[in-house]
> 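Quick one: structure below, then a few questions.
Every number for a ligand or one of its atoms is a count from 1 in the order of the listing. Numbering starts at 1 and runs along the sequence shown. Bear in mind that the values here come from a model prediction, so they are computed numbers and not experimental data.
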Amino acid sequence: MAASRLAVRAKAAVPVAARLCRQADALAAAGRAEEADSVYRAALAADPALAGAHNNHGNVLRALGRPDEAASAYRAALACGLDLALVHYNLAAVLRQTGQTVEAARAYRRALVMQPDYAEAWNNQANLLRDEERLTEAAISYRRALAARPDWTDGHDNFATALYLLHERGDVETAARLARDWRRDHPDNPMARHIGSAIIGDSAEERAPDAYVRQTFDLFANEFDSKLAELGYRAPELLAEAVAMSGPEPRGDLAVLDAGCGTGLCGAALRPYARCLSGVDLSGGMLAHAHARALYDALDEAELVAHLTAHPSSFDLIVAADVLCYFGELGEVFAAACTALLPAGRLVFSVERLADDAELPPYQVATHGRYAHKEIYVRDALSVSGLALTMMTQETLRFESGEPVVGMVVVAVRP
Ligand SMILES: C[S@@+](CC[C@H](N)C(=O)[O-])C[C@H]1O[C@@H](n2cnc3c(N)ncnc32)[C@H](O)[C@@H]1O
């Protein structure tokens, strides 16, 4: 073919490639990844030097679950001159996915040299280090993510997990030092305050702050049911058994409150007892899942003690599964439950058990942010509140790091 005709063809290919590329970007944005893949291929066949198209093609291949091809696409983008932190970050993510951890770490380092305030890159580098059990380095890398993006809830949650693991593995000193820095640098962050203090060991809170509970469970809501199933979570079924044993018949004639209902795991067992089944929880994210079960007559986004106090003599049955472990001091919530119960109404709940050891306080917050209570303390607090204890059994509530979490299942009655 004559040279002049070849030059004309090459010129024509560029606008064609750009047009195809725009079309592929639109398909990718609409979530039509398969179609976007073939249009990117056509664009890149017309102009293999389109660096941005290689990067975007990589994103589509990643979404299609083809990380090796995605890595080649990102490398092509770099080779075509798109030497950006974002491309190294993208490449690192797929390399990690395919187990090429050394190369992934190198790509994160490159991204961070180019853009030292890249919070997501610090965070994902930390995830890589955490996977390799390099927990101190992981925590330091998470801390850099938080320095770049102080309000990032996921970042704080990841940092909390790294400190929890460090503490679990026995490096209590390092965990406490990092927790002190965390709390100093983010004094208004509820997770830094609550988990930080628990790890340092100087918590003075009587219960987990509302903002902490809301933030934690909003973040956890989508995964809650599957994660708790993995942990062998049994509190809803144990409390359902306790309700059944404590007397009421499932005749659909009771006013029932699922206190701290979360995603509604207790709803199905409580529904047969209820003329009116309501739920209350601080986390809107959790409540959205409870709502989707279509089991509740009412769901309120509110703090439990305030809600109970605002509903005097309203319930025949109040059930709190795995909720009072977010309270240290129990007197206030028991008194509020006593107010909210009708005469002869029942409060059925679980708490985590703290060993009856003279060295230990009546209740204690652990490094994961939940409280455990001594049996004697639960008994005393119930009796002070005016509720009469009718049943208390010791049970495994779930497993954590393979170990059983031992708790108490309790039924108390308003006389
Ligand atoms: C571990 S989940 C248990 C959820 C549900 N009861 C179950 O068994 O699946 C604890 C729930 O208690 C809620 N919660 C904790 N403290 C609370 C409070 N003070 N007021 C209202 N809800 C609270 C949380 O938002 C979360 O949804």
> Pick, from Asp322, Leu304, Val323, the option with the minimum heavy-atom distance to atom 20 (N) of ligand 1.
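Nearest option to atom 20 (N) of ligand 1, by heavy atoms: Leu304.
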> Parallel, tilted or perpendicular: which one describes the rings of His186 and His156, with boundaries at 30° and 60°?
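Rings of His186 and His156: perpendicular, over 60°.
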> Of the protein's non-hydrogen atoms, which lies at the shortest distance from atom 4 (C) of ligand 1, and what is that distance?
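That would be Gly260 O, 3.4 Å.
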> For atom 13 (C) of ligand 1, what's the nearest protein heavy atom and its distance?
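Nearest neighbour among protein heavy atoms for atom 13 (C) of ligand 1, to 0.1 Å: Asp281 OD2, 3.4 Å.
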> So which bit of Pro236 gets within less than 4.0 Å of ligand 1, heavy atoms only: side chain, backbone, both or neither?
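For Pro236, only side-chain atoms sit under 4.0 Å from ligand 1.
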> Apply side-chain hydrogen bond (donor to acceptor under 3.5 Å, both in side chains) to residues Thr174 and Asp171 and explain how you reach the verdict.
CA-CA 6 Å; Thr174 309; Asp171 198 348; 2.7 Å; yes
> Closest non-hydrogen protein atom to atom 8 (O) of ligand 1, residue and atom name please, with distance?
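For atom 8 (O) of ligand 1, the nearest protein heavy atom is Tyr233 OH, 2.5 Å.
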> Which residue holds the protein heavy atom closest to atom 22 (N) of ligand 1, what is that atom called, and what is the gap in Å?
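Of the protein heavy atoms, Leu282 N, 3.3 Å lies nearest.
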> Give me the nearest non-hydrogen protein atom to atom 19 (N) of ligand 1 as residue plus atom name, then the distance to 0.1 Å.
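The protein heavy atom lying closest is Glu303 OE2, 2.7 Å.
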> Below 3.5 angstrom, do we get any N/O pair linking Asp210 and ligand 1?
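Between Asp210 and ligand 1 (N or O atoms, distance only) the closest approach is not under 3.5 Å.
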> Please list the nearest protein heavy atom to atom 3 (C) of ligand 1 with its residue and the distance rounded to 0.1 Å.
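Looking at atom 3 (C) of ligand 1, the protein heavy atom closest to it is Ala321 O, 3.4 Å.
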> With atoms numbered from 1 as shown, which atoms in ligand 1 lie under 4.0 angstrom from a non-hydrogen atom of Phe327?
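Near Phe327, the atoms of ligand 1 are 19 (N).
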> Quick one: list whatever passes ring-ring contact (aromatic ring centres under 6.0 Å, His included) with Phe327, sequence neighbours left out.
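Phe327 satisfies ring-ring contact (aromatic ring centres under 6.0 Å, His included) with no residue once adjacent residues are dropped.
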> According to the interplanar angle, ranging from 0 to 90°, do the rings of Phe224 and Tyr233 count as parallel (below 30°), tilted (30 to 60°) or perpendicular (above 60°)?
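Perpendicular: the ring planes of Phe224 and Tyr233 meet at over 60°.
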> Distance under 4.0 Å to a non-hydrogen atom of Leu265: what atoms of ligand 1 satisfy this?
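Answer, ordered by atom number: 9 (O).
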> Under 4.0 Å, heavy-atom basis, I'd like to know which part of Cys261 is in contact with ligand 1: side chain, backbone, both or neither.
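Near ligand 1, Cys261 shows its backbone, while the atoms from C-beta on stay back.
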> Ring centroid separation for Tyr142 and Trp122, is it under 6.0 angstrom?
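Ring centroids of Tyr142 and Trp122 are no less than 6.0 Å from each other.
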> Taking the six-membered ring for Trp and the single ring otherwise, decide whether the centroids of Tyr212 and Phe217 are under 6.0 Å apart.
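Ring-ring flag for Tyr212/Phe217: false, centres at least 6.0 Å apart.
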> Does some side-chain heavy atom of Arg346 sit less than 4.5 Å from a side-chain heavy atom of Leu341?
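Leu341 vs Arg346: side chains apart.
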> Please state whether the rings of Phe334 and Phe349 are parallel, tilted or perpendicular, taking 30° and 60° as the class boundaries.
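Tilted.
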> Any side-chain donor-acceptor pair under 3.5 Å between Asp258 and Tyr296?
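Judged by distance alone, the side chains do pair up.
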> Which one holds for Ala302 and ligand 1: side chain close, backbone close, both close, or neither close, with close meaning a heavy atom under 4.0 Å?
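The answer is the backbone of Ala302.
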> Below 4.0 angstrom from a heavy atom of Gly262, which ligand 1 atoms are there? Numbered from 1 as shown, please.
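Counting atoms of ligand 1 from 1, those under 4.0 Å from Gly262 are 4 (C), 27 (O).
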> Under 3.5 Å between any N/O of Phe224 and any N/O of ligand 1: does that happen in this structure?
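No; the residue has no nitrogen or oxygen that sits under 3.5 Å from a nitrogen or oxygen of the ligand.
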> Name the orientation class of the two ring planes belonging to Phe315 and His311 (parallel below 30°, tilted from 30 to 60°, perpendicular beyond 60°).
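Rings of Phe315 and His311: tilted, as their planes differ by 30° to 60°.
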> Parallel, tilted or perpendicular for Tyr371 and Tyr363, by the 30°/60° rule?
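Perpendicular, since the angle between the ring planes exceeds 60°.
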> Which residue supplies the protein heavy atom nearest to atom 14 (N) of ligand 1, what is that atom called, and how far is it?
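In this structure, atom 14 (N) of ligand 1 has Val213 CG1, 3.7 Å as its nearest protein heavy atom.
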> Under 4.0 Å, heavy atoms only, figure out whether ligand 1 is touched by the backbone of Met286, its side chain, both or neither.
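Near ligand 1, Met286 shows its side chain, while the N, CA, C and O stay back.
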